[in-house]
Every structure is written in structure tokens, then in C-alpha cells.
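Structure first, commentary second.
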Protein chains: 2
Amino acid sequence: MLSGKFAITIHILTLLTKFPNDFLSSEFIAGSINLNPVLVRKEIANLKAHHIVESKEGKNGGTKLAKNPTDITLKEIFQMTFDTINLGYAKNQPHPDCPVGKKINENLSVLYADLNEKVSLELKNITLEDFSNHF
Amino acid sequence: MLSGKFAITIHILTLLTKFPNDFLSSEFIAGSINLNPVLVRKEIANLKAHHIVESKEGKNGGTKLAKNPTDITLKEIFQMTFDTINLGYAKNQPHPDCPVGKKINENLSVLYADLNEKVSLELKNITLEDFSNHF
DNA sequence: ACATTTGTAACATAATTTATTACAGTATGC
DNA sequence: GCATACTGTAATAAATTATGTTACAAATGT
């Protein structure tokens, strides 16, 4: 998973919001992000799967929004690119006979779910339109 | 930076809370986390720098809490191991002549600062004592 | 003295992210 | 219908980051 996924996706969507009448090419978008066009297309594939954008193949093809930017919230974008906020887990399986090791991941999950809730509440109130208005 | 830093640090602190009278060795702690002892010592160095634990060198040495677990909040631990919540930035410098590229990172920063605020508020209300009580 | 432990540095390996290349498939306009 | 400019996707490579290991000096209890 691309770690800049959220940032890249929101960058793409902001561009599409700014040029609502054009099909933008992955090359053009990649130029603004300074990223390989293939990676842009991958994120667009994700956006398409969520019916947020539509794209046209062939000459003069490209991508445009499939929904009104007032109807897209940052929560959706967050969820499709990030899953959940989390402050990380230790890489290896902790020791199962230790009372702490046995339960640490479960307890961290509960904590992270709580944080996720708070972040989601916040992001739900920000639309793509709102975000794009700052440019 | 260790990406499991927060999880590892909170694991260490939970163990220290559970054994408040002992100096625990990095080897013992590493066993519970299933992590290399050197990495445990690195996180302990960070905790020491923040005066949350103290440690003793030499035989029978190890680490113990330097503060009461009711006086340590998850916010502090978060801050010393994570800095700020963030949903990522694209790796490369965006195109400076594009109105979106020019401002995207600034706008993302504002957004992330806001999320960070919400998360911090939540973590401020959870003490190490609270967290440890779930084990 | 000896055993055990911290503290660090240097280096090695593994995992993840990002970039590149390649090419089949599709629409457009001449 | 042919050249051109795109998307879509797979395979692979390079770069970056995270984790693990080894090594050893310094400290301390017995």
C-alpha cells in the first residue's frame, strides 16, 4: 500500500474539482504531484472502484469527477486510502504466556478504534468542496 | 524512526506498571514483546530522556517507572513516539507552478493539525494506569 | 575478579514504498 | 483504416525505511 495514498488521492481529487469540465490525463495529474503516472492511475482505479470518478480510455481520454464535490467527504477518502488511524503495532507476535503480551494487541486495537472514531467524526464534516476552496 | 515505537513503548510501560517494585531488564521486556533487546533499550533511552523511567546499569540492573502511572497520559507517550497524526504526504515536491501543487502540503498540514488536536484531546484523558488496568 | 546488565555504534537484513518498463486494449480524428 | 494518445495492469527494479544483530565499553552487585 502506498503510504502517501491519502495525500495523492486528495491531490488528484482537488485537481479534478478545479477542472470540472475536463478529462484530465494521468500524465497531467502526475506532473502536478510529481509522481509516476502509473501510480496516479492506480489511485484512480481505487477511486473508480468507489464510483467517485469516471474515466475514459483512448485519445483525449482521462478522468473526471463522477459526483459533486459537495457530496464527497474526506471521511470517504480517508477510509478508502487509510482504513483506520493507528499508532502501530510491534512487528512480532508478543509472548502469549505474558499477561501483558497476551493482551497488548487487543488493547491497542480498542484504543485505535476509539481514535479512529474521533478522526472520522472530524473528517465527515469536511467535503472535497471545502478542501478545494483553500486553493 | 521505529514505526512500532508507540506500541513498543506502551508495552514497556505497561510491564513496568505491572511490576512496580522491580528493575526489569531489557532482555525480560524484549521477551514479552518478542523484540530485539537493543531496540527495547533504544525506546527506554527515549523514555529516560523524558524522565518517565529510570534505569540502573550493571548486575541486577534494569528499568523502573520514575513517575506514578496515574501521572502519565497516553498523550505524552504519543507525543514522544509519534509526533503528530498524519495521513501522509506524497513523497516528492509537488509542482510549484500548479495552484494545487503549490499549496497542497500546506493545506494537508492544516488538516492534520486539526486531527492531531482531536486525537490529543482523547489521549490526554487516558492515563497509563487506565490502560494497564485492562490487563 | 566475575557475572550481568545498560548504553551505543556500526553494520546487516528484511520489508515496504515508490519508480520504471512494457504492452495490450480503446477511443479519436484525420 | 491508420496513426496517435490515452487507460489499465502486470512484472520488475530501485530506493527507502524498519528491524535485527554483533560487538564492546562502562557500570554495578556479589
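Nothing here was measured: the structure is a model prediction, and the numbers come from that model. Here is how names work: the chains are called A, B, and so on, in the same order as the sequence lines, proteins then strands, and each is numbered from 1.
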Exercise for review: Report the distance from atom NZ of Lys56(B) to atom C1' of dT6(C), rounded to the nearest whole Å.
Suggested key: 12 Å

Review point. Taking the side chain of Arg41(B) as heavy atoms from C-beta outward, which of dA19(C), dG7(C), dG20(D) is closest to it?
Key: dG7(C)

Check your understanding: For atom NZ of Lys124(B), is the number of surrounding heavy atoms from other residues, nucleotides or ligands below 6.0 Å larger than 12?
Key -> no

Practice item. Evaluate the ring planes of Phe6(A) and Phe78(A), with Trp represented by its six-membered ring, and classify them as parallel (under 30°), tilted (30 to 60°) or perpendicular (over 60°). Key: perpendicular

**Study point:** Below 4.0 Å: OP1/OP2 of dC6(D) and any side-chain N or O of Ser25(A)
**Key:** no

Review point. Any side-chain heavy-atom pair from Leu115(A) and Asn86(A) closer than 4.5 angstrom?
Key: no

Review point. So which nucleotide from dA19(C), dG29(D), dT6(C) ends up closest to the side chain of Lys59(B)?
Key: dG29(D)

Check your understanding: Lys64(A) has an atom NZ; how far is it from atom C1' of dA27(C), in whole Å?
Key -> 17 Å

Practice item. Determine the contact category for Thr63(A): base if any of its heavy atoms lies under 4.0 Å from a base atom, sugar-phosphate if only primed atoms, P, OP1 or OP2 are that close, otherwise nothing. Key: nothing

Review point. Between Val53(B) and Leu13(B), is any pair of side-chain heavy atoms under 4.5 Å apart?
Key: yes

Practice item. For residues Pro94(B) and Gly101(B), report the shortest heavy-atom separation together with the two atoms involved. Key: CG-O, 3.2 Å

Review point. For Glu54(B), does the CD atom have more than 12 heavy-atom neighbours from other residues, nucleotides or ligands under 6.0 Å away?
Key: yes

Practice item. Measure from the side-chain heavy atoms of Val38(A) and tell me the nearest of dA23(D), dT20(C), dT19(D). Key: dT20(C)

**Study point:** Closest to side chain of Ser55(B), choosing from dG20(D), dT18(C), dG7(C)
**Key:** dG7(C)

Exercise for review: Indicate if Phe23(B) and Phe28(B) have the same hydrophobic cluster label, given that clusters are the connected sets of ILVMFWY residues with side-chain heavy-atom separations under 4.5 angstrom.
Suggested key: no

Exercise for review: Measure the shortest side-chain to side-chain distance between Ile104(B) and Ser32(A) over non-hydrogen atoms and say whether it is less than 4.5 angstrom.
Suggested key: no

Practice item. Looking only at side-chain atoms of Glu57(B), point me to the closest of dA26(D), dG20(D), dT7(D). Key: dA26(D)

Point to revise | Proximity to DNA chain C (any heavy atom under 4.0 Å), residues of residues 16-24 of chain A only | key: none

Check your understanding: Within this structure, what is the CG-to-P distance between Asn92(B) and dA15(D), rounded to whole angstrom?
Key -> 13 Å

Study note, to complete from the structure: The residue, Pro37(B) or Ala45(A), whose nearest nucleotide of DNA chain D is more 5′ is Ala45(A)

Review point. What is the distance from NZ of Lys91(B) to C1' of dA19(C), rounded to the nearest Å?
Key: 8 Å

Review point. Atom CD1 of Ile33(B) to atom C1' of dT19(D): distance rounded to whole Å?
Key: 13 Å

Check your understanding: Nearest-Å distance, CD (Glu27(B)) to P (dT21(D))?
Key -> 12 Å

Practice item. Would you kindly give the CG-to-C1' distance between Leu35(A) and dA15(D), to the nearest whole Å? Key: 14 Å

Exercise for review: Tell me which of Ala90(B) and Lys42(B) sits closer to the 5' end of DNA chain C, going by the nucleotide each one is nearest to.
Suggested key: Lys42(B)

Check your understanding: Of all the nucleotides listed (dT28(C), dG8(D), dA19(C)), which has the minimum atom distance to the side chain of Ile44(A)?
Key -> dG8(D)

Review point. Atom CD of Gln93(A) to atom C1' of dT19(D): distance rounded to whole Å?
Key: 17 Å

Review point. Of all the choices, dT19(D), dT28(C), dA19(C), which nucleotide is nearest to the side chain of Asn60(A) once you look at every atom?
Key: dT28(C)

